[in-house]
Amino acid sequence: MNILINKEKILKHFTYFKNWEDKYLYIIELGEQLPSAPKNIRQSKYLIIGCQSRVWIMIRKKINSNFVKIYGDSDTLIIKGLLAIIFSIYQDLELKDIINYKIFKLFNTLSLTKHLTPSRSQGLVSIIRTIQTQIKFLLRKN
């Protein structure tokens, strides 16, 4: 599968699974389904600083629109799964809406931040901040 699952399905699945072992397996499954990133993504300019795992994020603005395509890759499936969740949330939002979206509130609703290791939680924050910084840059260019 090479398309992102929508955020409503993610929420539904998270409430369906009762224990965190099953939720982790679901996150890993989402990581396996993360759409392929461009081959040149694994460069230092796309590497996220502040993550224990190696994570690369590339953002491309769609021509003549206020939408972006976000690509990502990681050397771990759990992080790829978290990227799939983030990208699913952001995929249909305009630039300004990505900045304003309270993604950490959703992570708290899913109890993600509570059940991730401290280093993974810190990495998640680094990923979100990097995406938001790049989106703010794109907004200023408009």
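Just the heavy atoms: all of them, side chains too, but no hydrogens, waters or symmetry mates, feed the values below. What you see is a predicted model, and the numbers here were worked out from it, not measured in a lab. Position 1 is the first residue of the sequence; numbering continues from there.
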Could you give the side-chain donor-acceptor pairs of residues 45-56 under 3.5 Å, partners two or more places apart or in another chain?
residue	atom	partner	partner atom	Å
Tyr46	OH	Arg60	NH2	2.9
Gln52	OE1	Ser119	OG	2.6
Ser53	OG	Thr76	OG1	3.4

*Would you find a donor on one side and an acceptor on the other, under 3.5 Å apart, between the side chain of Ser111 and the backbone of Lys114?*
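Not a single qualifying donor-acceptor pair exists.
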*asked:* Checking Ser65 now: which residues fulfil side chain to side chain contact (heavy atoms under 4.5 Å, CB included) with it, not counting sequence neighbours?
replied: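 Ser65 satisfies side chain to side chain contact (heavy atoms under 4.5 Å, CB included) with Lys62, Phe67 once adjacent residues are dropped.
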*Non-neighbouring partners of Asn64 that pass side chain to side chain contact (heavy atoms under 4.5 Å, CB included), sequence neighbours left out*: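 Listed in chain order: nothing, the list is empty.
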*Quick one: side-chain hydrogen bond (donor to acceptor under 3.5 Å, both in side chains) partners of Asp97, sequence neighbours excluded?*
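By the side-chain hydrogen bond (donor to acceptor under 3.5 Å, both in side chains) rule, Asp97 matches no residue at all.
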*Residues that Asp75 engages under side-chain hydrogen bond (donor to acceptor under 3.5 Å, both in side chains), provided they are two or more places apart*: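 Scan of Asp75 (side-chain hydrogen bond (donor to acceptor under 3.5 Å, both in side chains), adjacent residues dropped) gives none.
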*asked:* Enumerate the salt bridge (charged side-chain N to carboxylate O under 4.0 Å, His left out) contacts for residues 11-28, please, sequence neighbours excluded, ordered by first and then second residue.
replied: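 Counting only pairs at least two positions apart or across chains, no salt bridge (charged side-chain N to carboxylate O under 4.0 Å, His left out) contact touches residues 11-28.
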*Could you tell me how the ring of Phe17 sits relative to the ring of Tyr26: parallel (under 30°), tilted (30 to 60°) or perpendicular (over 60°)?*
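Correct class here is tilted.
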*Going by side-chain heavy atoms closer than 4.5 Å, which hydrophobic residues are tied to Leu25, directly or by a chain of links?*
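In the cluster with Leu25 there is nothing else; it is isolated.
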Would you tabulate the side-chain donor-acceptor contacts of residues 127-138 under 3.5 Å, counting partners in other chains and residues two or more places apart, or write 'none'?
residue	atom	partner	partner atom	Å
Thr130	OG1	Ser126	O	2.8
Thr133	OG1	Arg129	O	2.8

*Which residue pairs pass the ring-ring contact (aromatic ring centres under 6.0 Å, His included) test when at least one of the two sits in residues 93-112, sequence neighbours left out?*
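Checked against ring-ring contact (aromatic ring centres under 6.0 Å, His included) - neighbours excluded - the pairs reaching residues 93-112 are Phe104-Phe107.
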_Working to the nearest 0.5 angstrom, can you tell me the gap between Ile78 CD1 and Ile27 CD1?_
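Ile78 atom CD1 to Ile27 atom CD1 measures 4.5 Å (nearest 0.5 Å).
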